[in-house]
Amino acid sequence: MTENETMTPRDFIRMAVEEDIRTSRFGGRVHTRFPPEPNGYLHIGHAKAMAIDFGVAKDYGGKCNLRFDDTNPAKEEDEYVQAIIEDVRWLGHDFGDTIFYASDYFDQMYAWAEQLVRQGQAYVDDLSADEIREYRGTLTEPGKNSPYRDRSVEENLDLLRRMRAGEFPAGSRVLRAKIDMASPNINLRDPVMYRIVHAPHHRTGDKWHIYPMYDWAHGLEDSIEGITHSLCDLGYEDHRPLYDWFLDALGIYHPQQIEFARLNLTRTVLSKRFLLRLVNEGHVRGWDDPRMPTLRGLRRRGYTPEVIADFLNRVGVAKANSVVDIALLEYCVREDLNERAPRAMAVLEPLKVVITNYPEDQVEYFDVPNHPQKPEMGTRQVPFSRVVYIEQEDFMEEPAPKYFRLAPGREVRLVGAYYITCIGVVKDTNGNIVELHATYDPASRGGATPDGRKVKGTIHWVSAAHALDAEVRMYDYLFTKDDPGDVPEGQDFMANLNPASLVILPNAKVEPNLAGTQPGDRYQFMRKGYFCTDPDTAEGKLVFNLTVSLRDSWAKVQQQ
RNA sequence: UGGGGCGUGGCCAAGCUGGUAAGGCAAUGGACUUUGAAUCCAUGUAUCGCACGUUCGAGUCGUGCCGCCCCAGCCA
């Protein structure tokens, strides 16, 4: 394998980075950063940004800083800082042993602000927020200068210092860059650099009464850390001129900002605001609900960091806004779990089957492989007895065409055990099937007969006398449409919420080998899907989450 | 009617200095099968948004047009 094959395929960002290395633009260095704001939990969209930020650094022997962009104390909390660190670690990204905080640079940023004031490139504006908006103009009309735009350097300096000292009420004044109120790029119409906020900061406490705006702060943070490539999403494309302007005005080290398209997934919403609503309005059980696209949700759902990395790798990096089919993500988990998940038998919706010709109190143990294609994963002993449970859907009193599971008079194989033939159906007074009677063929022991006859159906089972009770949580998409935002006028994505995104199966029966399972353990429940043990599992109470179902070609046949 | 981006098969996405369209997912057949899983084999007529133009030759260059996304927070 050549070195190239071990690297992520070249995308336009890597090509630009390679060019900069070739020309020694930054002395051949590559240093990126992942700058989350600690005001929420990370989701798979952030995972893409991280794959790029950390991935580029790794590919070129550089570094990537984990930096909290904590410039707005009103929204940020330490709780999020801890959660984000945990998630970044979980994904396995290497951020060295230093965690960076924008707030550590507040003194330096402030000094630079005074420099801009002294250079006549920043001024204190007394206009109200509403007035500033009015003066800004519109997309098609230029803005106009604030009456405070031409204050003297001395007055600006004095006012700025008093702003910092906390002499003025919140919102009464701002520091603005003096650029061009007529710029076609609205970001350049004298952007606000500092606003007055009297709120304690999670790290600096009550030291500050003014806090820097993103555009002013971000480039400075990058510059201070010696970042070479500041990778961000398309939304910042027209902020780049401003990023460049501040750095040039200050005459300090100047990184290159490059933008890429963020990740969008079908059946998924990824905006913090929407995710927050799902949680607050109780549509999910929390940020780590297995239906959530948050990293915590995916983790609890049974996804691995490797799967997420593989998925992101397949998605690629480009500048076109796109929506990735969630089927690709599911393909990635299935591929991974098919390799590593040991098989187990679990009957999700049990139907009792009495094997009438099987000795009353006999128990046999069958040696069942943990993985059909991987003998090295070993085998396990699965008990078999006279009464077993099979899946309700594996029996049809009046079998549909092409249905080749159990039906009256029909013979099927119980995986790894025996062939059984249904000889009777027991119903309750309402006509519901409550039990089946069957006979087994002793010659089919182990799942095959000497005469080599074939059975069309093979189903899974669990011995009633040995089964463990379990709760199985079946998950489906949170939304019923590929595009959750595809709603009638006046409605929002809540209109597409899937009422059946969580279906709890409280009476599942699983094989006894699952007794000691620990949260996070993953299995393939044969013929059903991949499942993982939920943290809600406790002594005497097993809880499993569906990670993803197996491909089901029978379901397709049925639909036709 | 301002500015910034993007537009390659159903969904992503390669395509570097022009030479005549990778790959993956999805879908569809079939083989195999003690998971209707996995695996294997096979299947795509893509007006490369459109139109002119340059050229022996354009997805790649030029011009014009169309469509979609983003920007008017003292959020990031």
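Labels below follow one simple rule: chain letters A, B, ... track the order of the sequence lines, proteins then strands, and each chain is numbered from 1.
Comparing B/rG10 with B/rC66, their C1' atoms sit 23 Å apart, to the nearest whole Å. Here, B/rG9 and B/rG5 have their P atoms 23 Å apart, quoted to the whole Å. Annotation: B/rU20 and B/rU47 have their C1' atoms spaced 16 Å apart (nearest Å). A gap of 34 Å separates the C1' atoms of B/rU55 and B/rC69, to the nearest Å. Comparing the same atom, C1', in B/rG7 and in B/rC50 gives a spacing of 11 Å after rounding to whole Å. Using C1' as the reference atom, B/rG59 and B/rA13 are 14 Å apart when rounded to the nearest Å. Nucleotides B/rG4 and B/rA51 have their C1' atoms positioned 25 Å apart, rounded to a whole Å.
Among B/rG2, B/rA76, B/rC12, the nucleotide with an atom closest to any side-chain atom of A/Asp69 is B/rA76. Considering only side-chain atoms of A/Ala320, the nucleotide from B/rC12, B/rU35, B/rG7 that sits closest is B/rG7. Checking B/rA76, B/rG15, B/rG2 against the side-chain heavy atoms of A/Arg195 singles out B/rA76 as nearest. Taking every side-chain heavy atom of A/Asn321 into account, B/rC69 is the closest of B/rG2, B/rC69, B/rA76. For A/Asn187, counting side-chain heavy atoms from C-beta on, the closest listed nucleotide (B/rC71, B/rA76, B/rC25) is B/rC71. Side-chain atoms of A/Arg343 lie closest to B/rA37 of the nucleotides B/rA37, B/rG5, B/rC75. Residue A/Met526 places its side chain closer to B/rU35 than to any other of B/rA76, B/rU35, B/rC12. If you check B/rC11, B/rA38, B/rA76 against the side chain of A/Asn338, the one that comes closest is B/rA38. Side-chain atoms of A/Asp325 lie closest to B/rC11 of the nucleotides B/rA72, B/rG5, B/rC11. Of all nucleotides listed (B/rG3, B/rC75, B/rG24), B/rG24 comes nearest to the side chain of A/Leu328.
Against the 90° criterion about 0, the sugar-base torsion of B/rG73 places it in the syn range.
Between A/Tyr331 and the phosphate of B/rC25, there is a side-chain N or O to OP1/OP2 separation shorter than 4.0 Å. At B/rC25, none of the side-chain N or O atoms of A/Arg334 fall inside 4.0 Å of OP1 or OP2 (strictly under the cut-off). Of the side-chain N and O atoms in A/Arg314, none sit less than 4.0 angstrom from OP1 or OP2 of B/rA26. For B/rU33, the OP1/OP2 oxygens have no side-chain nitrogen or oxygen of A/Thr458 closer than 4.0 Å. Close to B/rG5, at under 4.0 Å from its OP1 or OP2, lies no side-chain N or O of A/Arg262. The side chain of A/Arg551 places an N or O atom within less than 4.0 Å of a non-bridging phosphate oxygen (OP1 or OP2) of B/rA26. For A/Arg189, no side-chain nitrogen or oxygen approaches OP1 or OP2 of B/rG3 to under 4.0 Å.
Residue A/Gln524 is classed as a base contact, given a heavy-atom separation below 4.0 Å to a base. Counting any heavy atom pair closer than 4.0 Å across all strands shown, A/Ala129 reaches a base atom. Among the heavy atoms of the strands lying under 4.0 Å from A/Thr138 is at least one base atom, whether or not backbone atoms are also near. Contacts of A/Tyr403 with the nucleic acid, taken as non-hydrogen atoms under 4.0 Å apart, include base atoms. Residue contacts for A/Met213: at a heavy-atom cut-off of 4.0 Å it reaches the sugar-phosphate backbone alone, with no base atom in range. Using a 4.0 Å heavy-atom distance criterion, A/Val317 is classed as a sugar-phosphate-only contact. Within 4.0 Å of A/Gln373, counting heavy atoms only, lies at least one base atom of the nucleic acid. Residue contacts shown for A/Gly171 include a base, since a base heavy atom lies under 4.0 Å away. Within 4.0 Å (heavy atoms only), A/Ile132 reaches at least one base atom of the nucleic acid. A/Tyr211 comes within 4.0 angstrom of no nucleic acid atom, judged by non-hydrogen atoms across all strands. Residue A/Val455 is out of contact with every strand shown, counting any heavy-atom pair closer than 4.0 Å. When heavy atoms are screened at a 4.0 angstrom cut-off, A/Ser128 is found touching base atoms of the nucleic acid. Counting any heavy atom pair closer than 4.0 Å across all strands shown, A/Leu127 reaches a base atom. When heavy atoms are screened at a 4.0 angstrom cut-off, A/Lys556 is found touching the sugar-phosphate backbone but no base atom.
Nearest-nucleotide positions on RNA chain B place A/Asp238 closer to the 5' end than the other of A/Asp238 and A/Pro372. Closest-nucleotide positions on RNA chain B for A/Val197 and A/Pro184 were compared, and the one nearer the 5' end corresponds to A/Pro184.
The side-chain heavy atoms of A/Arg240 and A/Glu259, taken from C-beta on, include a pair separated by under 4.5 Å. Taking the side chain as every heavy atom from C-beta outward, A/Tyr110 and A/Trp208 approach each other to under 4.5 Å.
Every residue meeting the side chain to side chain contact (heavy atoms under 4.5 Å, CB included) condition with A/Pro484, not counting sequence neighbours, appears here in chain and number order: A/Val269, A/Phe479, A/Phe493.
A 6.0 Å sphere centred on CZ of A/Arg262 holds no more than 12 heavy atoms belonging to other residues, nucleotides or ligands. Heavy-atom neighbours of A/Lys402 NZ from other residues, nucleotides or ligands within 6.0 Å: at or below the threshold of 12.
There is a side-chain donor-acceptor pair under 3.5 Å between A/Arg33 and A/His218.
Applying the Watson-Crick and G-U wobble criteria (two distances, each under 3.5 Å), B/rA38 pairs with nothing in any strand. When both distances must be under 3.5 Å, the Watson-Crick or G-U wobble mate of B/rU47 does not exist.
No donor-acceptor pair closer than 3.5 Å links the side chain of A/Arg203 to the backbone N or O of A/His201.
Here the CG-OH distance, from A/Leu242 to A/Tyr214, works out to 10.0 Å after rounding to the nearest 0.5 Å.
Annotation: cation-pi geometry not satisfied between A/Arg151 and A/Tyr123 (NZ/CZ under 6.0 angstrom from ring centroid, within 45° of ring axis).
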